[in-house]
Structure formats: C-alpha cells, structure tokens
Amino acid sequence: MRTVEIRVPATSANLGPGFDALGLALSLYDDVEAALTDEAGIHVTVEGEGAGEVNLGEGHLIVRAMRTTFDRMGIKQPSGIRLHCRNRIPHARGLGSSSAALCAGILAARALAEGEQLSERGRFSDDDVFALATEIEGHPDNVAPCLAGGLTVAWYDQSGTPHMVKLTADVRIRPVVVVPATRLATETARGLLPKDVPHKDASFNAGRAALLIAALTQRPEPGLLLAATEDRLHQHYRAPAMRATANLVERLRAVGVPAVVSGAGPTVLAFSTSDTQDLIAPEVGNDWHIQQMDVDPVGANVQFPETR
C-alpha cells in the first residue's frame, strides 16, 4: 500500500475588486494522507475542521475528486481508498476549504496513479490538474492560488479553457484573516449577485483590480492599498447575508485598514502593513478569531513518505 501526502493551503479569492479572477494563497493548511488499498471500500478519518460533520464515504469531496481524476486518466477505479485528513482551514468561511479538498484529491489521485504506473493515457499535466479543479469547483480564483501559491490572476480564454499567472506579493504586506463563528454557503452568497451590473461599476472595478496588482507587488504608497481594494461588483450585493461582516469591513476601512470580504465570506481579509497593524484588533471585538498569516509562496505540496 503506497501512501502519498498532500498539503494544500487556504486561499482568499476576489480580494475586493478582482471578482472571480484574483486569489491569494495563505499560510494555513490542510494535510491529507491518501492510499490505494486491496481492501474494498472507502475508509476516511478526519481530524480538526469538519470532524463529525463531513461525509466519510463516497460522498467525501476528496474521494469524489479522486474518482473523477482516475476516470480522466483512463484508470480503472481502485477497489479501496484510504484517507486521513488533518483539517485546519475553516469550512464555509470564504477561505477556500472546498478548493483545497478538490486540489488535494486530484493531486493525490495523479500521484498514486503515476507512482503505480496505472495511467493508460500518459501523464496528467499540471494544466490538466488546474483545468479539472476549475471544472469541478466552477471557477478558478481559489484553485489557482491553492495549486500555485502566491498571488494569482486567473481567466478563461475564448474556448473556455482556464489559465493563470502567478505573481509575488510584497512581503511587507501581511494578510490578516478575521473569522466569525458563523458560516455562509458559497451558493447562498453567489445567489445574491445580479445578472447585470452598471457599466460604470464594471469600469470602476477594472481600474481598481489593476491598481491592486500594482499595490500588492510593489512597495505601496500610504493609502494606495485602501483605494485599490474598493469594490462595486459583489460585496454590497452580498451584505444582506452577512451584516456583521459588512459592518466590520466598513469599520476597518474607516480607520484606514484595507479590508475586504474573503471569497464569498463571511471571513474578513485585511492587508496589514506597519502603518495599520495596530488598528485592526480594536475594531474587531470578541466574536471573531484574528489570525495574521503569511502569503504561501509554493501552493500545494506532494510527497511520498518513503522518499523524504
């Protein structure tokens, strides 16, 4: 029984104006041990986030991603799969937990299949991994930084194929996540978005998204990040589903902290610099968990224990 170990980072998508395009990998991780076994059936154990809640059989998201990957690689489904998950990424909080699980499952299946020389169609490339993860997730803004690390820009070409580029964020900018106890399903948040938006709002966000790339990758001038994280496309439409989040973002921004909704929420992401790092905690209160993080530079990591 060969085992593969996968580490996948939490991610924050949108980053304010970069709706469905920008993403950031964070230094908070889920660890997965996966193995193919001769013993028939699915055996899943979970520690941490989701323990006692998530499906422990065929419905587990990592198992489903592995099954889909084996099909795409032209491999006969294994008789048995064994998983042990150590989860630290909060579920349904806008920190990419589902993207992390999907990426872990796809990478585990690829590594085990290629390690056992089971593939009949040749190597499953990194582009294939990204395309499949995007297909299952529905959009690429979380899976891109999860796989590649750093700051990513993702888009589709005219044929519908997803692409991404990876950028290096300025190390002087530290992401701070402020996580509430409450959860919010991505489907609920996305369902509040209108089908059309005013042209002036789309133009506004295009400019702010471009400015945000400059602000995150170059030494920002004071106040530049605050302007660069303004948004008119999604956050105020979703506010009715997460009033506490919207109010916290407003309070932080009022004192000069560049704060946005992380992904679909309800977590708040703040970009901390030496000028603003002491301004965050006084605005938060006791109902949130504050955690300062680094930008994860490498993304998903795959290792075989026997080769370490």
Side-chain angles (χ1 to χ4, degrees), residues 6-26 30 61-62 64-74 89 94-111 113-114 119 121-169 186-187 189-191 193 195 197 202 205-206 208-210 212-213 216-217 231 233-234 260 262-264 269 295-302:
I6 313 290
R7 166 164 280 199
V8 281
T11 53
S12 183
N14 301 327
L15 310 184
F19 180 67
D20 278 2
L22 300 184
L24 194 68
L26 304 172
D30 283 354
L61 191 53
I62 293 178
R64 287 157 46 197
M66 292 180 72
R67 295 287 196 201
T68 302
T69 306
F70 289 137
D71 283 341
R72 293 295 175 89
M73 294 183 73
I89 305 172
L95 288 170
S97 61
S98 63
S99 293
L102 291 172
C103 292
I106 295 169
L107 291 170
R110 179 179 73 167
E114 293 182 347
S119 177
R121 299 181 183 174
R123 188 173 185 278
F124 201 66
S125 70
D126 289 344
D127 287 342
D128 294 330
V129 169
F130 176 51
L132 180 56
T134 300
E135 176 185 330
I136 299 173
E137 177 72 355
H139 36 87
D141 50 341
N142 277 113
V143 298
C146 184
L147 292 170
L151 170 67
T152 57
V153 184
W155 75 98
Y156 294 96
D157 64 22
Q158 292 185 352
S159 70
T161 301
H163 301 272
M164 66 169 158
V165 293
K166 175 182 175 181
L167 304 171
T168 301
T186 300
E187 294 80 8
R190 191 166 282 270
L193 299 178
K195 293 183 178 179
V197 296
N205 267 54
R208 291 305 193 275
L212 182 57
I213 294 297
L216 288 176
T217 58
D231 161 68
L233 287 189
H234 65 102
V260 298
S262 180
L269 173 73
V295 176
D296 174 85
V298 297
N301 181 266
V302 180

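Counting begins at 1 with the first residue of the sequence.
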* Give a yes or no answer on whether the side chain of Thr161 reaches the backbone of Asp157 with a donor-acceptor pair at less than 3.5 Å. => no
State, with a plain yes or no, whether a side-chain heavy atom of Asp126 is found less than 4.5 Å away from one of Leu147.
-> no
*Derivation and outcome, side-chain contact (heavy atoms from CB on, under 4.5 Å), residues Glu135 and Leu132*: CA-CA 5 Å; Glu135 176 185 330; Leu132 180 56; 4.3 Å; yes
query = Is His234 reaching over with its side chain to a backbone N or O of Pro17, donor-acceptor style, under 3.5 angstrom?
reply = no
CG (Asn142) and SG (Cys103) are apart, to the nearest 0.5 Å, by 9.0 Å
d(Thr168 OG1, Leu216 CG) to nearest 0.5 Å is 11.5 Å
Distance col, row Asp128:CG vs Arg72:CZ, nearest 0.5 angstrom, shows 9.5 Å
Note: Thr134 and Pro140 closest approach over all heavy atoms is OG1-CB, 3.7 Å
Of all heavy-atom pairs linking Met66 and Gly105, the shortest is CG-O, 3.2 Å
Tightest non-hydrogen contact, residues Ile89 and Ala100, listed as CD1-CB, 3.8 Å
Original post:
Considering only heavy atoms from C-beta outward, does the side chain of Val165 approach that of Trp155 to under 4.5 Å?
Top reply: yes
Of all heavy-atom pairs linking Val295 and Gly150, the shortest is CG1-CA, 3.9 Å
Requested in this report: Tell me, with the steps shown, if Asp127 and Ser125 meet side chain to side chain donor-acceptor pair (under 3.5 Å).
Outcome: CA-CA 5 Å; Asp127 287 342; Ser125 70; 5.0 Å; no
Side chains of Leu26 and Asp296: closer than 4.5 Å at any heavy-atom pair?
no
CG of Leu24 to OG1 of Thr11, rounded to nearest 0.5 Å, is 9.0 Å
Is the closest side-chain heavy-atom distance between Leu151 and Leu15 below 4.5 Å?
yes
- Message: Less than 4.5 Å apart, side chain to side chain, heavy atoms only: is that true for Asp231 and Asn205?
- Response: yes
- Are Arg190 and Asp20 close enough that some pair of their side-chain heavy atoms sits under 4.5 Å apart? yes
In terms of heavy-atom contacts, Ala104 and Ile62 come closest through CB-CD1, 4.4 Å
With no hydrogens and no angle check, is any side-chain donor or acceptor of Lys166 less than 3.5 Å from a backbone partner on Ala144?
no
**Asked** Side chains of Leu22 and Thr152: closer than 4.5 Å at any heavy-atom pair?
**Response** no
dist Thr68:OG1 -> Ile136:CD1 (nearest 0.5 Å) comes out at 4.5 Å
In terms of heavy-atom contacts, Ser12 and Ser262 come closest through OG-OG, 2.8 Å
